[in-house]
Undergrad: 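Starting off with a structure, shown below.
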Number of protein chains: 2
Amino acid sequence: MSGEQSLAPRPHRPKSDKERKIGHRRVGEGGEITYKKIQTTTIMGSIQLGIQHTVGSLASKPRRDLLMMDFWELETISFPPEGSSMTPAHHYSEFKFKIYAPIAFRYFRDLFGIQPDDFMMSMCSAPLRELSNPGASGSIFYLTDDDEFIIKTVQHKEGEFLQKLLPGYYMNLNQNPRTLLPKFFGLYCYQCNSKNVRLVAMNNLLPSYVKMHLKYDLKGSTYKRKANKAERSKSSPTYKDLDFMEHHPNGLFLEAETYSALIKTIQRDCRVLESFKIMDYSLLVGIHNLDLAVKEKQEAAPKARSEGESDYEDAPEADQYMVQEREEQRTTALNRSRSINRQRLVAHSTAMESIQAESEPIDEEDDVPPGGIPARSEKGERLLLFIGIIDILQSYRLRKKLEHTWKSIIHDGDTVSVHRPSFYAQRFQDFMAKTVFKKIPSRKYTPSNIEGNTNTCFY
Amino acid sequence: MSGEQSLAPRPHRPKSDKERKIGHRRVGEGGEITYKKIQTTTIMGSIQLGIQHTVGSLASKPRRDLLMMDFWELETISFPPEGSSMTPAHHYSEFKFKIYAPIAFRYFRDLFGIQPDDFMMSMCSAPLRELSNPGASGSIFYLTDDDEFIIKTVQHKEGEFLQKLLPGYYMNLNQNPRTLLPKFFGLYCYQCNSKNVRLVAMNNLLPSYVKMHLKYDLKGSTYKRKANKAERSKSSPTYKDLDFMEHHPNGLFLEAETYSALIKTIQRDCRVLESFKIMDYSLLVGIHNLDLAVKEKQEAAPKARSEGESDYEDAPEADQYMVQEREEQRTTALNRSRSINRQRLVAHSTAMESIQAESEPIDEEDDVPPGGIPARSEKGERLLLFIGIIDILQSYRLRKKLEHTWKSIIHDGDTVSVHRPSFYAQRFQDFMAKTVFKKIPSRKYTPSNIEGNTNTCFY
């Protein structure tokens with residue numbers, strides 16, 4: 001582990017320098033991106049070779065019950081450039097690829113309904129794309145060409161923590177299949193010149209072919225929970241708790257059953273997170289406004305958007321879970337996804353599942369993208385919500401230590417988002433149950449701005 | 001843990017002395033039984049108080065998802081003789097009762113379909129009975145008055161091992177609900193005068209109201225696997241591998257589907273046991289011969305049986321899993337069980353489940369006790385098999401050490417039953433699949449001693 005660097009507090013450097021290096025990620029003078037001084041294109045290509053190999057070799061191992069010991073397994077494959085009896089020749093530097101708990105993650109992929117062939121196709125049939133606006137952590141986010149999966153670099157400690165989490169993660173998936181926790185599809189380590197790049201493969205929570213009219217990263221805290229100017233100037237900013245309360249003073253309205261199922265799911269997820277002393281996670285909420293989408297469609301000729309300037313330092317991690325594409329691309333992607341991957345998308349986009357254990361076929365109306373949770377705005381607009389809990393891998397102790405190092409001012413404990421896990425969990429679920437999501441009042445007491453018949457007004 | 005005694009090799013003492021003390025169990029001159037020098041009646045009464053308390057207090061804790069941390073939980077309750085705000089007064093010595101993983105075992109009891117009220121009633125509404133013929137280990141076996149549950153004393157190491165096993169045990173129950181592994185309902189420790197008596201609550205594999213015409217403890221080994229004279233002279237001896245091969249040279253015949261399901265279940269169970277390096281477990285097979293039972297019934301007037309002499313030293317552990325009662329008692333028990341507990345018995349007697357995930361209602365013919373696996377003897381007699389895997393708590397290392405201490409002669413590794421776990425598992429399942437259980441040949445090739453239509457000859 002000689003390549004492992006400790007995450008020390010960053011020295012104060014001029015802004016221009018800051019922008020060029022965050023964590024292990026650097027942008028060179030010519031714009032080329034490196035991570036731990038390895039070219040990102042090399043990392044991308046190498047991990048594709050690694051994933052292709054592991055998924056391929058797993059196919060020959062028959063399905064069997066998952067065992068406790070499968071969680072601790074670690075497989076290492078060498079990839080010499082000239083190739084070997086097991087690996088193809090390649091034009092990257094020699095590297096090793098480590099696969100953590102291969103059988104366990106195969107089991108999880110099965111649970112999530114992802115076929116090995118589909119996983120391999122998504123991961124390896126076309127080059128990965130690196131997201132241009134990384135989060136504050138300096139993690140690199142790769143997206144598969146079909147927008148299905150995200151591969152994110154994680155710290156050594158985060159990778160270790162995920163490994164420890166696996167038995168509990170298994171238990172949660174078994175008991176709480178509607179969970180909103182991230183879907184982990186694999187944990188890998190790319191090793192080159194004694195440098196380690198650890199990677200986790202996850203679901204892409206906000207499908208890029210669905211336009212998110214609003215996006216929120218919510219923690220249930222109010223301290224400093226406001227998107228800054230730079231973030232707000234983006235074409236698709238990720239807002240925070242205070243912004244949400246300003247935009248939706250009465251919250252988002254859900255049918256009574258949907259509301260109860262969603263809140264119950266959040267409570268169960270919070271209990272699991274609390275039991276592992278996990279904190280500082282967020283609920284990512286993407287809002288697709290169906291009525292607005294219809295209007296936008298009618299308003300015709302698609303205009304190219306200019307991307308807002310991104311501010312590395314303050315961009316929330318959540319921002320990475322969505323790729324904002326140009327209107328033209330989006331349409332293409334939508335058509336492709338519609339035709340090929342519709343069922344699959346519904347199967348491993350978490351939002352809709354969180355309210356129904358088995359995905360019901362979604363109405364084939366042309367303007368209703370699959371997988372979102374139907375909701376209403378205060379004004380009665382029809383919404384689709386895409387939600388999930390993110391950033392769960394920084395364990396309590398680690399996080400606390402980092403926060404204490406980074407933060408010079410310690411604010412009133414009650415509103416700072418870093419606090420005891422049980423307090424954090426309670427505040428988080430209270431905020432979601434009382435401030436973010438609201439039950440549509442029963443017909444008797446329907447306010448004028450909500451349509452009368454709650455049983456039929458949802459598509 | 002000052003009361004913990006190490007299990008050292010026993011010194012050679014005269015036979016009469018040997019018979020009076022095995023492990024921690026002693027029989028006094030007046031016939032009274034003690035365990036670690038505590039009167040067995042005191043232990044029985046105290047653990048009933050303890051179990052009553054824990055099941056009662058659990059009832060007030062709402063059901064929730066099982067968490068990883070629940071496996072490590074330990075609750076301790078003090079029982080002063082004068083009573084306390086939480087515990088009743090009693091006439092035993094002051095004691096503490098420790099409950100291991102209370103929430104986890106509640107979850108398991110739920111999975112096994114055991115209601116809290118039923119568990120409490122079985123455990124606490126009538127005095128426990130101590131089995132008079134203990135196994136070679138010196139464990140004490142208590143049976144609930146309704147024959148539903150067994151409470152067995154376990155060594156410190158065995159209790160620790162069960163705790164470590166719990167996450168894997170959970171995984172197996174979730175993936176392999178037909179499992180033949182023991183059903184663990186609770187792990188407790190009775191603590192008195194710095195002595196610890198650890199106890200595990202399990203299912204009673206061989207219901208006493210069903211007469212077992214033959215009983216086997218099978219390991220897949222042939223070395224010394226023959227019941228000795230003393231065992232054979234009992235009214236209901238537990239035979240071993242070599243005896244089985246002599247009694248059933250062509251094995252026991254199962255319908256093709258039943259055979260496949262059973263062998264598959266055994267393989268899956270063996271894989272779990274192997275993954276935990278567990279060895280030296282047995283398949284307990286109880287055979288109820290339906291045709292013989294009809295004859296016995298017709299032959300009328302029930303005669304009192306004289307119990308065979310029991311030989312402590314050589315009685316296999318398996319022997320404890322069944323209580324042989326007098327004919328009169330059996331009839332009463334059968335009627336009671338029939339009327340009240342029929343569904344429940346089917347639910348947590350393992351045998352039938354091992355071939356069908358959901359218990360189908362069993363034909364209400366008067367002479368067919370519920371829960372057994374239908375089979376045929378070589379002679380075409382209709383049989384019901386009651387089976388389960390037993391003695392899984394002595395982990396590999398512990399067992400090996402004990403065996404090496406106890407055994408003076410090390411026999412050819414291939415046939416001694418103490419061997420590497422993977423070898424043990426393979427030999428075990430091979431023996432069951434090839435020697436013990438046989439597929440009823442399809443109609444074309446039906447031998448004369450098997451009835452023609454295999455689809456209709458099974459009830």
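Letters go in sequence order (proteins before strands), and every chain restarts at 1.
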Undergrad: Does any backbone or side-chain atom of B:Tyr107 lie under 4.5 Å from a heavy atom of chain A? Answer side chain, backbone, both or neither.
TA: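 For B:Tyr107, the contact with chain A is made by the side chain alone.
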Undergrad: Chain B: which of A:Gly168, A:Ser275, A:Pro167 shares the most heavy-atom pairs with it under 4.5 Å?
TA: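 Counting heavy-atom pairs under 4.5 Å, the top option is A:Ser275.
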Undergrad: Sort by residue number and list every member of residues 59-71 of chain B having a non-hydrogen atom under 4.5 Å from chain A.
TA: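 Contacts with chain A: B:Arg64, B:Asp65, B:Leu66, B:Leu67, B:Met68, B:Met69, B:Phe71.
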Undergrad: As an exercise, state the distance from CG of B:Asn174 to CE of A:Met171, rounded to the nearest 0.5 Å.
TA: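 Rounded to the nearest 0.5 Å, the CG-CE separation comes to 8.5 Å.
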Undergrad: Determine whether more than 12 heavy atoms belonging to other residues, nucleotides or ligands lie under 6.0 Å from atom NZ of A:Lys264.
TA: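 Atom NZ in A:Lys264 is not crowded, with 12 or fewer foreign heavy atoms closer than 6.0 Å.
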